[in-house]
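To start, the structure under review is shown below, and the notes come after it.
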Amino acid sequence: KKHDLGSSTDKKNLHRLKGCRNFALLFTFCCSAHFCRFLFSVSNWLSMQSKRLPSSCLSLASNPDNIALLEPFVQALQYKYGIDENQYYNILLVLTEAVNNGILHGNCGNPNKLVNVNLCKRGRSLLEFTVTDEGNGFDPANLADPTCKERLCEPNGRGVFLMLQLSHSLRYCDNGRKVVSSFKLNQ
């Protein structure tokens, strides 16, 4: 059954809508070049906002087998952002170390806890990765120097050192539960 505009209430509401000055202004605005410029400026603003928000993320259950999921994740980013081969391997190694530390040391291998990887692109040439675990945290200042003579033959303890060497910057937050590593893109 079609809606009948025969009732006086419907006719009054339709008349109000047609006679509404705001409706006429909105219609005129939408049909003008101003509207096109408005849409263009909104589009630019949204584009700028998206550069501040994580554009890529990965959540992994704390199982060491899940570290293998990092490679396809970083490969997708390589194509999306034009990451060169050298940077690709640096990013992959840093993220592998950070996720491995989050799984084994932060979450103690508890498969009910997650390690999250988030990427935020800053401007045109900086990628910032944040890796977060659900553990108790640690103080990175208490890590032993892996380059001292006494530690050179030890099989472990070089991951954070490598992360520092391969990233543009590296910092820990949230009592060591979050590591933020940045990479400048070669343009």
Side-chain angles (χ1 to χ4, degrees), residues 48-187:
M48 287 174 18
Q49 295 305 308
S50 70
K51 292 176 184 173
R52 295 185 184 129
L53 300 173
S55 56
S56 299
C57 59
L58 180 67
S59 290
L60 303 169
S62 292
N63 177 339
D65 293 338
N66 287 337
I67 293 172
L69 299 174
L70 281 170
E71 190 167 4
F73 173 73
V74 176
Q75 279 178 342
L77 298 176
Q78 180 183 25
Y79 298 118
K80 183 174 182 177
Y81 296 110
I83 299 169
D84 68 36
E85 189 174 354
N86 192 39
Q87 289 176 312
Y88 166 81
Y89 288 111
N90 288 348
I91 292 169
L92 183 60
L93 188 90
V94 169
L95 291 181
T96 299
E97 283 296 329
V99 169
N100 184 58
N101 288 345
I103 289 173
L104 297 180
H105 303 296
N107 293 344
C108 300
N110 182 344
N112 296 318
K113 292 185 177 184
L114 297 175
V115 174
N116 295 303
V117 180
N118 291 304
L119 166 64
C120 185
K121 187 172 184 206
R122 306 267 182 208
R124 292 184 178 181
S125 63
L126 189 69
L127 298 180
E128 186 177 86
F129 292 91
T130 303
V131 178
T132 310
D133 65 54
E134 298 180 65
N136 295 324
F138 78 107
D139 183 0
N142 290 336
L143 292 174
D145 180 5
T147 62
C148 71
K149 192 174 185 175
E150 302 82 40
R151 297 192 42 89
L152 287 178
C153 294
E154 290 189 21
N156 298 321
R158 292 174 186 80
V160 173
F161 176 78
L162 287 171
M163 291 167 59
L164 282 164
Q165 300 304 308
L166 297 175
S167 59
H168 176 72
S169 69
L170 187 87
R171 70 181 189 280
Y172 284 90
C173 310
D174 194 19
N175 196 33
R177 286 182 285 273
K178 181 187 295 185
V179 60
V180 180
S181 58
S182 300
F183 297 87
K184 283 188 178 180
L185 293 174
N186 295 332
Q187 298 286 336

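- Asp84 places a side-chain N or O within 3.5 Å of a backbone atom of Gln87 that can act as its donor or acceptor partner.
- Between Ser181 and Val94, the shortest heavy-atom contact is OG-CG1, 3.8 Å.
- For the pair Arg177 (side chain) and Asn136 (backbone), a donor-acceptor distance under 3.5 Å is present.
- Across all their heavy atoms, Ile103 and Asn63 have their closest contact at CD1-O, 3.7 Å.
- Residues Glu128 and Val180 form a side-chain contact, since some pair of their non-hydrogen atoms from C-beta on lies under 4.5 Å apart.
- Atom NE2 of His168 sits about 12.0 Å away from atom CG of Leu127, to the nearest 0.5 Å.
- The side-chain heavy atoms of Leu143 and Phe138, taken from C-beta on, include a pair separated by under 4.5 Å.
- Judged purely by atom type and a 3.5 angstrom limit, Ser182 has no side-chain atom pairing as donor or acceptor with the backbone of Ser169.
- The CG atom of Leu92 sits 11.0 Å away from atom CG of Leu166, with the distance rounded to the nearest 0.5 Å.
- Residues passing the side chain to side chain contact (heavy atoms under 4.5 Å, CB included) test with Asn101 are Glu97, His105, Val160, Met163, sequence neighbours excluded.
- Side-chain contact between Val74 and Phe129 is absent, with no heavy-atom pair separated by less than 4.5 Å.
- For the pair Thr130 and Lys178, the minimum side-chain heavy-atom distance is below 4.5 Å.
- In this structure, Asn116 contributes its side chain and Thr132 its backbone to no donor-acceptor pair below 3.5 Å.
- Note: Ile91 CD1 to Ile83 CD1 = 4.0 Å, rounded to the nearest 0.5 Å.
- Atom CZ of Phe183 and atom CG of Leu170 lie 8.0 Å apart (nearest 0.5 Å).
- The two residues Arg151 and Asp145 come nearest to each other via the heavy atoms CD-O, 3.4 Å.
- Shown here for Cys153 and Arg158, the closest heavy-atom pair between the two residues is N-NH2, 4.2 Å.
- Atom CG in Leu104 sits 12.5 Å away from atom CG in Asn110 (nearest 0.5 Å).
- In terms of heavy-atom proximity, Phe73 sits nearest to Leu95 at CE2-CD1, 4.4 Å.
- Atom SG of Cys108 sits about 9.0 Å away from atom CG of Asp133, to the nearest 0.5 Å.
- With hydrogens and angles ignored, the 3.5 Å screen pairs a side-chain donor or acceptor of Asn66 with a backbone N or O of Ala61.
- When the shell of 6.0 Å around CD of Glu154 is examined, it contains more than 12 heavy atoms from other residues, nucleotides or ligands.
- Remark: the backbone N or O of Leu114 is paired with a side-chain donor or acceptor of Asn107 at under 3.5 angstrom.
- Annotation for Tyr81 and Leu185: closest pair O-CD1, 4.0 Å, computed over non-hydrogen atoms.
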